[in-house]
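Below is one structure, written out as structure tokens; comments come after it.
Values below: all heavy atoms of this structure, side chains included; hydrogens, waters and symmetry mates excluded. As the structure is a computational prediction, the values presented were derived from the model and not from experiment. Residue numbers start from 1 in every chain, and the chains themselves are labelled A, B, ... in the order their sequence lines are given, proteins ahead of strands.
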Amino acid sequence: MSQPTLDIHKIARLSRLALTEEEATRFESQLGKVLEYMSALEHHDLSAVEPTQHAMPIYDVWREDESRSGFTAEEALANAPRQSSGQFLMPRVVEE
Amino acid sequence: MPKYITTIGLEVHAQLNTRSKMFCPCPVGYGADPNTQTCPTCLGLPGALPVLNLEAIEKTVLAGMMLGCSTPPISKWDRKNYFYPDMPKNYQTTQFDLPLCLDGGVPLYDLAYPKDAQKSIKNPGKVVKLTRIHLEEDVGKSTHSGIGTQLDFNRAGTPLMEIVSEPDIESAEEAFAYLISLRQILIYGGVSDADMEKGQLRCDVNISVRPEGQKELGAKIELKNLNSIAAVRRAIHHEVERQTEAVMRGEKLLQSTRRWDDDRGETQLMRSKEDAHDYRYFPCPDLLPIRTASIIERVHPRVPESPHAKRARFEQDYSVSAYDAGVLTSDKALAAWFEEAVAADAKVPAKKIANWVINELLGRLNEASSALENSLVKPTALNELVACVESGKISNTQAKEVFDEMFSSGETAVAIIKKKGFEQVSDTGALEAFCDQVISANPEKVAEFKAGNDKVLNWMTGQVMKASGGKANPKVLSELLRAKLA
């Protein structure tokens with residue numbers, strides 16, 4: 001059985017996490033165990049099991065299209081570290 | 001010189017015109033004060049849970065039906081992970097492997113091509129194949145300035161359809177026609193208001209160039225920041241030229257994303273393939289899948305007549321040319337206006353009403369930069385005017401004068417005709433007296449006519465017209481003169 005590959009540095013980069021070498025080694029081993037656990041499925045014959053789209057066997061949960069007001073601008077911005085003219089303000093990000 | 005083949009695919013985002021957002025009941029709307037249409041869900045606050053908006057699902061399925069798509073029996077929601085401040089959850093809820101619509105296509109209507117390209121359509125009747133349409137949420141609006149980046153989350157969570165085409169488009173003109181046709185269909189279906197200026201319709205272009213004979217596609221280059229359909233056309237023209245020149249120089253093009261600068265008329269590199277995103281899609285645990293059978297059943301009766309079908313029906317029912325039918329059906333409201341005008345009195349030929357709508361009404365609205373909904377001329381009033389021309393009550397020239405006044409004052413044709421004293425004299429008794437008068441006063445002209453100079457008749461008609469004070473019905477008059485001179 002093949003061992004799933006895990007690139008801890010790539011995962012850290014995608015998650016915007018700066019890991020020390022010690023952390024990288026620790027998390028690599030921990031996440032590796034999760035993958036190992038998942039690969040336990042490969043030891044079972046699943047050919048008769050129907051794939052599902054969700055862990056819960058429930059469908060069609062929705063609401064009608066009715067609108068209702070939520071926060072005021074003050075409430076929406078209550079936790080904003082910085083704000084300017086009713087908007088969240090953050091360091092300038094290059095648009096991409 | 002070797003020939004080059006251009007391959008284009010479009011990704012169009014269209015906001016749905018629902019009342020509330022995709023996953024929360026916040027109102028959807030353009031132009032409200034910043035951050036006045038938010039709640040814990042669309043602000044991505046911890047613990048807030050999404051609930052699907054059924055109407056948004058139905059509108060997407062409706063758009064799919066109008067575009068000939070199929071809908072899988074089960075559809076579900078996934079998370080697309082990335083960090084950007086306009087999406088505070090750090091993932092966008094979208095659809096990955098089971099979207100609401102698959103396949104289908106966008107028909108390119110002749111009139112959807114740019115005006116200057118309508119005479120040289122390379123692939124008439126082409127239908128551009130679609131890959132899929134999925135439903136997702138729009139993100140917040142960021143404004144970049146000297147003080148930093150400002151964020152307004154009113155738009156965050158607005159239901160957004162992404163319509164993805166196959167790389168099936170050959171030219172800037174086809175891309176233009178695709179967008180015009182698609183927009184028309186979305187508006188017909190009442191699915192989206194599709195106003196590009198308001199950001200309700202947005203478009204990214206994937207474009208590649210390869211030498212003729214080469215099988216595999218060239219490097220895929222994505223264009224962003226296209227803010228109008230005309231800009232899409234300009235950007236593609238520029239990019240085809242840039243890529244062709246590069247390939248001819250022997251340069252190797254790399255997969256990348258470029259930003260269109262409409263003022264400078266050029267594209268600039270934003271990122272290359274090495275920085276390509278890894279979105280790590282996975283099924284959204286907060287949203288349950290949907291079974292689409294009952295939705296399809298409910299939406300089916302809501303599918304409206306397509307612009308294409310309406311155009312064919314207009315040609316058939318109203319005996320108008322294919323071009324005129326295309327103009328009349330280019331806008332759903334205009335088509336309805338025309339049909340109301342025709343229905344006001346079925347005796348008035350529809351073809352004549354079509355001419356008045358296309359040549360006079362649309363021309364005048366255009367000159368006045370005014371919209372049809374603001375027109376003071378109402379459908380029934382136009383029918384009445386055309387009826388007056390058809391019955392010979394007024395001449396065509398007079399009718400145009402009457403129409404001008406109807407357009408500016410909103411008065412009815414009959415009232416204006418009366419006021420201007422335009423009622424034509426069709427009473428042959430009165431006209432005969434004028435004819436006799438002109439004939440006896442001009443014996444030399446009568447001789448000329450009898451010698452075979454038919455043009456004299458026009459001159460004599462003019463004389464009688466003058467004598468009648470311009471009120472003679474020209475049709476009745478020329479018949480009368482001819483009979484008298486015979």
To the nearest 0.5 Å, atom NE2 of A:His54 lies from atom NZ of B:Lys76 at 9.5 Å
Under a 4.5 Å cut-off applied to non-hydrogen side-chain atoms, are A:Ser85 and B:Gln150 in contact?
yes
Of A:Ser67, A:Ala73, A:Gly70, the largest count of non-hydrogen pairs under 4.5 angstrom with chain B goes to A:Ser67
Can a side-chain donor-acceptor contact be found between A:Arg63 and B:Ser20 if the only test is distance below 3.5 angstrom?
yes
Reported CG-to-OG1 distance for the pair B:Asn35 and A:Thr72, which is rounded to 0.5 angstrom:
10.0 Å
For A:Arg82 versus B:Ile147, what's the shortest heavy-atom pair and its separation?
NH2-O, 3.9 Å
Looking only at B:Thr41, B:Ile74, B:Thr36, the option with the highest number of non-hydrogen pairs under 4.5 Å against chain A is B:Ile74
What's the spacing between A:Ser69 OG and B:Gln37 CD if we round to 0.5 Å?
9.5 Å
Please confirm whether the backbone N or O of A:Val93 pairs with a side-chain atom of B:His144, one donor and one acceptor, at under 3.5 Å?
yes
Most contact-rich option vs chain A, by heavy-atom pairs under 4.5 angstrom, among B:Leu287, B:Val51, B:Asn154, is B:Val51
Portion of B:Leu43 that has a non-hydrogen atom of chain A nearer than 4.5 angstrom
side chain
With chain A, the option among B:Cys24, B:Cys42, B:Pro285 that has the most non-hydrogen atom pairs under 4.5 Å is B:Cys24
Minimum heavy-atom distance B:Thr38-A:Ala76, with the two atoms named:
OG1-CB, 3.5 Å
With a 4.5 angstrom heavy-atom cut-off, is it the side chain or the backbone of A:Gln53 that approaches chain B, or both, or neither?
both
Please classify the contact between A:Ala55 and chain B as side chain, backbone, both or neither, with a heavy-atom cut-off of under 4.5 Å.
neither
May I ask you to name which of B:Cys26, B:Pro34, B:Gly140, B:Ala56 has the most heavy-atom pairs under 4.5 Å with chain A?
B:Pro34
If you count heavy-atom pairs under 4.5 Å between each of B:Asn90, B:Thr292, B:Leu151, B:Ile290 and chain A, which one has the most?
B:Leu151
Quick one: pull up CG in A:Asp65 and CZ in B:Arg19 and give me the separation to the nearest 0.5 Å.
5.0 Å
Examine whether an atom of A:Ser84 lies under 4.5 Å from a heavy atom of chain B, and if so say whether it belongs to the side chain, the backbone or both; otherwise answer neither.
both
At a heavy-atom separation under 4.5 Å, does B:Tyr82 approach chain A through its side chain, its backbone, both, or neither?
neither
If you measure from CZ on B:Phe83 to CG on A:Leu14, what distance do you get to the nearest 0.5 Å?
8.5 Å
Looking only at heavy atoms and a cut-off of under 4.5 Å, which of A:Leu77, A:Thr52, A:Ile58 has the most pairs with chain B?
A:Ile58
Contact winner vs chain A - B:Pro283, B:Ser145, B:Ser294, B:Pro50, heavy-atom pairs under 4.5 Å:
B:Ser145
Could you state the interatomic distance from CG (B:Leu45) to CG (A:Asn79), rounded to the nearest 0.5 Å?
7.5 Å
